[in-house]
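Every chain is numbered from 1 and lettered A, B, ... according to where its sequence line falls, protein lines coming before strand lines. A quick note: this is a predicted structure, and the numbers were derived from the prediction, not measured.
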Amino acid sequence: MGDIAFHYSYIMIIILLVIGLYGMLGKRNLIKKIIGLNIFQTAIFLFFIEGGLKDGGTVPVIDPALGTEAAIYFNPLPHVMILTAIVVSVATTGVAMALLLTIYRNYTSLEEDIILERMGK
Amino acid sequence: MKAIATIIIAAFAAVMIYATSGLSVPGDPESPAAGNVSEFYIENSMEDMHTPNIVTSVLADYRGFDTLGETLVIFTASLACVLILTRRVDRD
Amino acid sequence: MIEHLPALIPISLILFAFIAGILGMMKYRLSRYLAILGAVAAFGLSVTSTIHVLQTGTMSYHFGNWPPPYGIEFVMDTLTCFMVLVITGIGSILLMFPTKPGFMIDEQKSATLYTLVLLFMAGLCGMVMAGDLFNLYVFLEISSLTTFALVSIGGGKASVASFRYLIMASIGGCFYLLGVGFIYFSVGSINMADVFQLLPAVYDSPSVIGGAFLIITGLCLKMALFPFHTWLPDSDTYAPPVVAAFSAAVQIEVPAYVITRLLLNVFSQDFMVTLTPITDIIAWISAAGIIIASILAIAQNNFRRMLAYSSVAQVAYIGLGIGLANPLGIVGGIFHIMAHSLMKGSLFLIAGGLHHHNGIWNIQGFQGLGRRMPWTIGALTIAALGMIGIPPTAGFFSKWYLLLGSIDSGKWVFVAVMLISSLLNAVYFFRIIEKAFTPLNNQAASSDNPRELPGKMLAPILILATGILVAGALNVVIINNLIMPVAEGL
Amino acid sequence: MIERYDSIIVDITCRIMVPFIQLFGMYVIFHGHYSPGGGFQGGVLLASSMILHRLSLGYKESYLKLPPARASVLGTGGMFLFILTALTPIFFGGVFLDYGFLPIPGLEPAELRYYGILIAEIWIGIAVFGCLVVIFDRLTERRLD
């Protein structure tokens, strides 16, 4: 349970997360919402990678010269989870773009206020 | 709307700062995540499947079902794009 | 082959999704029949595995033959069996609804659609059976990605609703993922059973508390629990009726089940009830959600929007059952999953059928339907009685157990909340029934006399309506065999 | 839909780069056991080469190289074969995804897993390649009205 000063990298990640969340909730333009979503997800990836680090470790590819001591290599599991999460993020972005295209075709705008106005609400 | 968003974001930041204060220092080789499961992967990957890249062996074999799900996710996304962008008569 | 059953349920759905897609490209009519066949096959497998689980106890499937903390496992106990039965059973009935009125899409283009529906069901089954926190996330994303596409079929407004849902669901998924990260970095494992063993040592760590909070918040977003419900009314109003039925009947219930699963098998009772007020918070916001969503439902004129707000209220019942955190509350909540999926499934199908057949959207349009469409309105009446909680229906028994749970925990406020909400339910459903049995006063309207729905549309509606009564009659059997053995572990 | 951009520099540069990106993608897939890489990364590289081709040469030429229908066949086929590969061990006494039971004669389980991972990565690469190209094609499709 370390001091907060040692967690400065986590603080940076939290700042990124907050920027992403603000983009999703605060912005009125739909593209900006997607950008916010991507920032948010990328910050999560950084969070996982940060947690998998080990001081004095190297990438998790076994080098026969170094042996298979666990302390030498970074933790591989966060990397695996993040690979999956990246794919999910790409898939979500692709679907979101497709949705934005249909929205634009129907309402010729990507501003939330104008869309709501044209939806007749 | 802006005010609600600000409150939500502030609450989220507070939760995150509170939660990260309990994590071990980044880079700590003794952290809980460094032991347990990950140790097993590092020590057995070479024996079990002759694969030096531990990430590949975990991704494709130890946790292969995640990878199947992951491929399914991107396949689903492509089908979703096909369905979303199919031209159809608008009902309203 | 019997030991492969847990894996085969989602895999059979995925394989049938492929077959339906590929053959559907060649001959479009085939895809619908293959989709129904796939769902029924998965239902058959679920029944077989339920029988097997009842005879021999919990099944566990280790993918790649790696023992649990290292590999991924599927766990199948009686509660899982119950959920899988609900998902595949309701899914196969909902798929029987014809394509054109059900999905508002030309039959020629339906191959992709049915592939996605089967993948959606596979995702939900995977979520239910996953014994690994991260594997659950993957299936969660499969089920939400399919929903975005399915909701957007409804046209322009539906696309906007679907986009909103995408943002909310992505936030939910990301919160869940962050929470899993905190749990993983605190204990070093993501297998549910393993986390359950390792967690007590670090109960007071802020990262475990924060992680649990994030996970629960993410799942509450997905299940549209009251303060996070904003995406549901729009998507349920503009989505095609069968998709709305799927979304209200199974999709928002599965995260509720996952919260139950986390309460029982990951964070123990000590953590969720005693150490942190998580269950109390869930119970109170659910209670608020029941009342507020019911009042909002009364204010609606559009039938489907009213049903959507009613879904928010009904999901809050499940949340209340979880929040009570005693066996009776859990039993009530979980049984309400089944009751609600039967009732809301049939109500949305009726809404879709009436819209397609008679062009009725609003509650005013129901006037005089009782005489002309006796079967449809009969099914509607049964479902509405179930929603209110009148005795022979399944809805009564779930509410009964929830009441018993509230009394058991001594929280009389919740008893009052449930009685008031039953009254509110009665207000908005009797309004429709009354309208339907009021004869039309002008003869001009009777010239375009709407007759009974065609048999193809009526069949799934009647099956679901019968299901409400059958589930009510069999409630003791279901609860004693499937739900109680797990809920007693609390 | 993307029209061809009439510039000799873009044209020639992209024509030269595309095969190398594809080669690198295949290297990443096949060398995933020894260096960072694997099916996803390789598949994304292959898809990005195709997307570059489409962006630079326009749809008329690019669709000749890889028609959209063939991309969807690649995506579906890769995914389907991956699931079949994962299912195969069930019929030879193993459990789902247990590559140690793949029916390749003369190999011990560890070697079988080695080759099982390779086969899986190849299918994943093909599936990701196809699916990403399908997404791109759908997003850039011309509106017909």
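In this structure the side chain of C:Ile190 reaches within 4.5 angstrom of the side chain of A:Met81, judged on heavy atoms. Counting heavy atoms from C-beta outward, A:Glu112 and C:Arg164 have side chains that approach closer than 4.5 Å. Two residues are said to be in side-chain contact when any heavy atoms from C-beta on lie closer than 4.5 Å; A:Asn75 and C:Tyr184 meet this criterion. Inter-residue side-chain proximity for C:Val160 and A:Asn106 is flagged as unmet; no heavy-atom pair is nearer than 4.5 Å. Using a 4.5 Å heavy-atom threshold, the side chains of C:Leu166 and A:Leu37 count as touching. Proximity of C:Phe163 to A:Thr102: side-chain heavy atoms (C-beta onward) are nowhere separated by under 4.5 Å. C:Tyr137 has its side chain within reach of A:Val88: a pair of non-hydrogen atoms, C-beta onward, lies under 4.5 Å apart.
In terms of heavy-atom pairs under 4.5 Å with chain C, the best-connected choice from A:Pro78, A:Ala43, A:Ala98 is A:Pro78. No other option in A:Ile115, A:Val87, A:Leu25, A:Thr84 has as many heavy-atom pairs under 4.5 Å with chain C as A:Thr84.
One N or O on the side chain of A:Tyr107 and one on the backbone of C:Lys157 form a donor-acceptor pair closer than 3.5 Å.
For A:Leu30, the parts lying under 4.5 angstrom from a heavy atom of chain C are both the backbone and the side chain. Contact annotation for C:Phe134: only side-chain heavy atoms (C-beta onward) come within less than 4.5 Å of a heavy atom of chain A. With a threshold of 4.5 angstrom between heavy atoms, C:Val138 approaches chain A through side-chain atoms but not through N, CA, C or O. Heavy atoms closer than 4.5 Å to chain A are found in both the backbone and the side chain of C:Phe182.
A tilted orientation is assigned to the rings of A:Phe40 and C:Phe175, their planes being inclined by 30° to 60°.
Note that CD1 of A:Ile34 and CD1 of C:Ile167 are 4.5 Å apart. Values are rounded to the nearest 0.5 Å. Annotation: the span from C:Leu178 atom CG to A:Ile44 atom CD1 amounts to 4.0 Å, rounded to 0.5 Å.
Counted within 6.0 Å of CZ on C:Phe226, heavy atoms from surrounding residues, nucleotides or ligands total more than 12; the atom is thus considered enclosed.
The shortest heavy-atom contact between A:Leu99 and C:Ser159 is CD2-O, 4.2 Å.
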